[in-house]
Amino acid sequence: MDPHRKIRIGLALGSGSARGWSHVGVIRALLRAGIEPDLVCGSSIGALVGAAYAAGQMDRLELWVGSLTRQGVMSLIDLKLSSGMIEGRKLVDYFRSHFDDPGIEALPRPFACVATELDTGREVWLRDGPVIDAVRASIALPGLFTPARRDGRLLVDGGLVNPVPVSLCRAMGADVVIAVDLNWDLVGRRSRPAPSLYAQPTQLPESEHEAETDTETENEADADAKAASGTAGRLRGLDTLWRRLWPSSDGPPALPMPSMLGVLTASLNIMQVRITNSRLAGEPADVVIRPRVSGIGPMDFHRGELAMAEGLRAAEHAMPMLRELLA
């Protein structure tokens, strides 16, 4: 690279539903520090925020995000209940009436976003045409939004194949890529750990008589185990062990069963984390900013102030590394 040429900075904004409002805070922190990405790529909600940055409309988006209420979010939802719960026409109409759309090619900064072809599973890079149509395709989360139609294809959420589009930034000529990963802390941080066979507290005998009784019980169990044979004997031995570990119940404590939405959300989180880790390992960014936004639900779009504040904090935490990299 020519040492006299200005470093071309790419910003890769990741998927994450309502957690994606933290991208607004990240961009705000970068601009305050005098770091202006030359191009931006996004996946899913990252496509929406990235388009606003590329269009020079971050102030308008930030005001809108900060003003969103639960009722305001519900007013943009049009139930479909066929190939997705939300048709998305109200949302698209809102953006068409409140944001300028000169087309991707005419944006002040280069922009592209990722979608997934539903029939083939191929990764699709959207780099031309109406901005709002491209963003609508990138945010079409299966089961939530109906697929988008483009060039005779059905497109769905880009996070299915490339949650943090570092590769797209590189393909567009970025020398340095700043990535924002919203999925890193979604899995493995349960508020209450599941009971484990190896984590049960050991009950000490309260008296010598209880100790003797336990010893007798153990001896009886050993004798039964030695005398038993075949499958029936092994099952009886397993039942004896089970009841000794949980003497006051018929088995281990049962975890509360989550709702259908809870199961779908947790499953999607697992998928997003695995795919994100895999893609970032194979296509690493130069700097990865990781806001702590796992406490924001996928549909908590009314919690924009909290998400933006966390994005700002995470970007400021990464600032020393960014300044050293760009020096």
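Numbering starts at 1 and runs along the sequence shown. For clarity, every value in this text was computed on a predicted model and none was experimentally measured.
When His317, Glu316, Glu310 are each tested for a side chain to side chain donor-acceptor pair (under 3.5 Å) with Arg313, only one passes: Glu310.
Ser167 and Asn162 are linked by a side-chain donor-acceptor pair at a separation below 3.5 angstrom, with hydrogens and angles left out of the test. Judged by distance alone, the side chains of Ser22 and Arg290 never bring a donor and an acceptor atom under 3.5 Å apart. A donor-acceptor contact under 3.5 angstrom links the side chains of Asp185 and Ser294, judged on distance only.
Taking the six-membered ring where tryptophan is involved, the planes of Phe95 and Phe99 are tilted, since the angle between them lies from 30° to 60°.
Of all heavy-atom pairs spanning Gly14 and His23, the tightest one is O-NE2, 2.8 Å. Nearest heavy atoms, Ala33 versus Arg323: CB-NH2, 3.9 Å. Taking every heavy atom of both residues into account, Cys113 and Ala47 meet most closely at CB-CB, 3.5 Å. Closest non-hydrogen pair, Arg136 versus Pro147, comes out as NH2-O, 4.3 Å. Closest approach of Val161 to Pro163, counting heavy atoms only: C-CD, 3.9 Å. Across Leu182 and Val293, no two heavy atoms sit closer than the pair O-CG2, 4.2 Å.
Between Asp59 and Arg28 a salt bridge is recorded (basic side-chain N to carboxylate O distance below 4.0 Å). In summary, Glu283 and Arg170 do not engage in a salt bridge, as defined by a charged side-chain N under 4.0 Å from a carboxylate O.
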Ile45 vs Phe301, side-chain contact (heavy atoms from CB on, under 4.5 Å): CA-CA, chis, key distance, verdict: CA-CA 11 Å; Ile45 188 68; Phe301 290 101; 4.3 Å; yes
From CA spacing to verdict: side-chain contact (heavy atoms from CB on, under 4.5 Å), Leu31, Tyr53: CA-CA 11 Å; Leu31 296 179; Tyr53 171 73; 4.1 Å; yes
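Between Pro284 and Val166 the shortest side-chain heavy-atom distance does not fall below 4.5 Å.
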